[in-house]
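Working notes, beginning with the structure itself.
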Amino acid sequence: MLTEKVYNSYLAIMKEEMIPAMGCTEPIALAYGAARAREVLGKEPEKIIVRCSGNIIKNVRCVVIPNSGGLVGIPAGVILGTVGGDASRNMEVLEHVDDAARKRTRELLEQNICQVELLDSPVVLHFILEMTAGSDTVSLEIKYDHINVTRIEKNGEVLFSKDEGDHQEAEADRSLLNLEDIKEFADTVHLEDVKELIETQIRCNMAIAHEGMTGKYGLGIGRVIRESYSDDMLTRMRSLTAAASEARMGGCDMPVIINSGSGNQGIACSVPLIVYAREMELPEYALYRALVFSNLLTVYQKLYIGKLSAFCGAVSASCASGAAITYMVGGSLKRIKQTIENTLANIPGIICDGAKISCAAKIAASLDAAFLAHHLAMNNEGYAPYTGILQEETSETISCVGLIGKEGMKETDKEILKIMIEH
């Protein structure tokens with residue numbers, strides 16, 4: 001039986017992770033930081049310098065910024081947040097951008113007021129904004145999490161500062177996460193405690209999935225999948241999930257309920273389950289509990305990898321979806337573990353080369369692997385321990401995959417960034 005501490009911590013983790021965001025979270029973080037800095041400066045800046053860690057640069061380079069009129073890139077995100085952002089909206093900072101802000105953003109982009117520099121930092125999610133207007137200068141720093149402001153200075157005076165310890169204390173204790181307790185929590189959580197969170201995720205993530213199926217974004221991958229493959233469960237799951245990702249990467253201004261700082265992960269760990277449950281006409285409570293399981297399992301895996309790395313987060317979220325389908329249809333803990341290990345034996349090598357519309361294709365491929373893993377597990381088939389990177393215990397396998405993603409792929413990350421910047 002779960003302790004009260006574990007129960008409350010798991011609830012808090014879900015509330016912290018499952019928040020709404022418009023567009024790709026890295027440009028939105030820049031827009032949020034810029035909106036906050038502009039508030040402190042008190043006037044429109046004449047010059048902006050933004051120093052970004054490599055993963056920020058990688059993930060902003062190719063995505064269309066929502067409500068921007070089709071703009072891409074770091075300067076566009078920063079300037080749009082500066083002239084039209086509302087920091088009180090957090091990750092929906094660009095929700096109320098109007099035509100005047102879009103027009104002014106294009107004017108300031110032509111004036112080249114925003115300069116981008118690479119920030120040499122061991123923290124993968126890290127950027128510093130410096131805005132100047134006349135004799136006034138504001139500096140704002142964000143580290144670790146997308147809206148985690150760690151320092152604000154104005155004219156050399158520190159207005160706000162917090163160290164890493166403060167950041168850690170503000171979070172629910174993720175060290176309490178483990179597979180067995182995640183399953184028990186999903187089994188026993190009072191649904192009224194998570195109903196609003198889950199219903200919002202269902203509503204938002206399915207709305208953008210259907211929007212993506214219109215084919216207005218990117219390559220129209222959702223429609224291509226639907227029209228090119230047999231009309232079965234996997235095709236419907238893959239098409240809608242990929243469509244949601246492509247719409248989000250393609251600048252759709254509809255919000256997504258994210259997971260572990262990523263909209264794509266929030267989509268991949270939820271949309272497949274919703275499609276499956278509706279197709280199979282499963283009871284509402286079964287879907288709700290499966291979504292609780294999937295969201296927490298995604299957070300658990302990402303705990304070892306970190307918010308950003310050269311490891312594609314679609315793998316972790318799709319793995320969680322596959323395991324949650326096994327859970328939803330009454331699979332035992334053993335079969336849930338087999339689903340996870342069958343997935344991680346297959347696709348742990350998909351790289352993250354930045355946020356872009358082709359993330360949708362990676363999600364589609366990852367879901368294919370996860371659904372295969374589910375079927376293998378339901379036939380009581382699983383790869384043996386020490387097959388490749390698989391370990392004796394599933395938790396050990398998850399931590400080893402995390403080690404590969406966080407530490408082993410550091411040099412890969414540098415090479416990916418180098419290739420992207422130089423070409």
Side-chain angles (χ1 to χ4, degrees), residues 2 10 14 178-191 194-195 197-199 201-202 205-206 209 225 229-242 244 259 265-301 314-347 363-383 394-395 397-398:
L2 292 179
Y10 282 19
M14 291 183 66
N178 64 77
L179 186 57
E180 289 75 15
D181 283 353
I182 289 172
K183 182 180 182 300
E184 185 170 352
F185 180 78
D187 286 341
T188 61
V189 62
H190 302 300
L191 289 181
V194 296
K195 190 171 194 270
L197 272 177
I198 295 299
E199 288 184 344
Q201 186 175 50
I202 293 170
N205 293 7
M206 289 306 291
I225 292 172
Y229 294 84
S230 59
D231 184 23
D232 58 19
M233 178 75 76
L234 179 57
T235 296
R236 290 188 285 275
M237 287 164 55
R238 292 170 71 228
S239 61
L240 279 162
T241 310
N259 184 296
Q265 287 162 198
I267 288 166
C269 79
S270 62
V271 172
L273 305 184
I274 301 163
V275 174
Y276 187 94
R278 289 176 176 175
E279 291 282 336
M280 299 299 289
E281 299 182 347
L282 297 177
E284 188 176 73
Y285 73 84
L287 173 60
Y288 284 21
R289 294 193 183 280
L291 285 169
V292 169
F293 181 86
S294 186
N295 278 284
L296 285 172
L297 180 54
T298 301
V299 176
Y300 177 46
Q301 292 177 82
V315 173
S316 305
S318 298
C319 177
S321 265
I325 289 172
T326 302
Y327 168 84
M328 186 161 49
V329 298
S332 64
L333 184 60
K334 177 188 175 184
R335 289 187 174 180
I336 290 168
K337 289 180 175 180
Q338 285 177 321
T339 305
I340 294 169
E341 294 188 339
N342 290 342
T343 306
L344 297 180
N346 184 355
I347 52 165
I363 288 174
S366 297
L367 285 176
D368 195 2
F371 207 47
L372 170 62
H374 157 72
H375 284 304
L376 287 168
M378 295 308 290
N379 281 281
N380 203 29
E381 297 289 350
Y383 295 105
T394 306
S395 59
T397 298
I398 289 172

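If you take OG1 on Thr298 and CZ on Phe293, they are separated by 9.5 Å, rounding to the nearest 0.5 Å. Atom-to-atom distance recorded for Asn259:CG and Ile267:CD1 is 11.5 Å, nearest 0.5 angstrom. For the atom pair CE of Met280 and CE of Met233, the computed distance is 5.0 Å after rounding to the nearest 0.5 Å. The CD1 atom of Ile274 lies 13.0 Å from the CG atom of Leu282; values are rounded to the nearest 0.5 Å.
Under the salt bridge (charged side-chain N to carboxylate O under 4.0 Å, His left out) criterion, Glu199 pairs with Lys195, sequence neighbours left out. When the side-chain hydrogen bond (donor to acceptor under 3.5 Å, both in side chains) test is applied to Tyr327, the partners found at least two apart in sequence or on another chain are Asp187. Applying the salt bridge (charged side-chain N to carboxylate O under 4.0 Å, His left out) rule to Lys334 yields no partners; only residues at least two apart in sequence or on another chain are considered. In terms of the side-chain hydrogen bond (donor to acceptor under 3.5 Å, both in side chains) criterion, residue partners of Asn205 (sequence neighbours excluded) are, by chain and number, Ser270. A search for side-chain hydrogen bond (donor to acceptor under 3.5 Å, both in side chains) contacts involving Thr235 returns Asp232, not counting sequence neighbours.
Closest approach of Gln201 to Gly266, counting heavy atoms only: NE2-O, 3.7 Å.
Judged by distance alone, with hydrogens and angles left aside, the side-chain atoms of Thr241 form no donor-acceptor pair with the main-chain N or O of Ala268 at under 3.5 Å. Between the side chain of Glu184 and the backbone N or O of Leu2 there is at least one donor-acceptor pair closer than 3.5 Å. Here the side chain of Ser294 pairs a donor or acceptor atom with the backbone of Cys269 at under 3.5 angstrom. Between the Ser318 side chain and the Ala314 main chain, a donor and an acceptor come within less than 3.5 Å of each other. Side-chain atoms of Arg289 do not come within 3.5 Å of backbone N or O of Leu191 as any donor-acceptor pair.
Looking at Tyr288 and Ile202, their side chains come closer than 4.5 Å, going by heavy atoms from C-beta outward.
Applying the side-chain hydrogen bond (donor to acceptor under 3.5 Å, both in side chains) test to pairs two or more places apart or on separate chains, those with a residue in residues 365-375 are Thr326-His374.
Under the side chain to side chain contact (heavy atoms under 4.5 Å, CB included) test applied with Met14, the options Val189, Val299, Ile198 reduce to a single match, Ile198.
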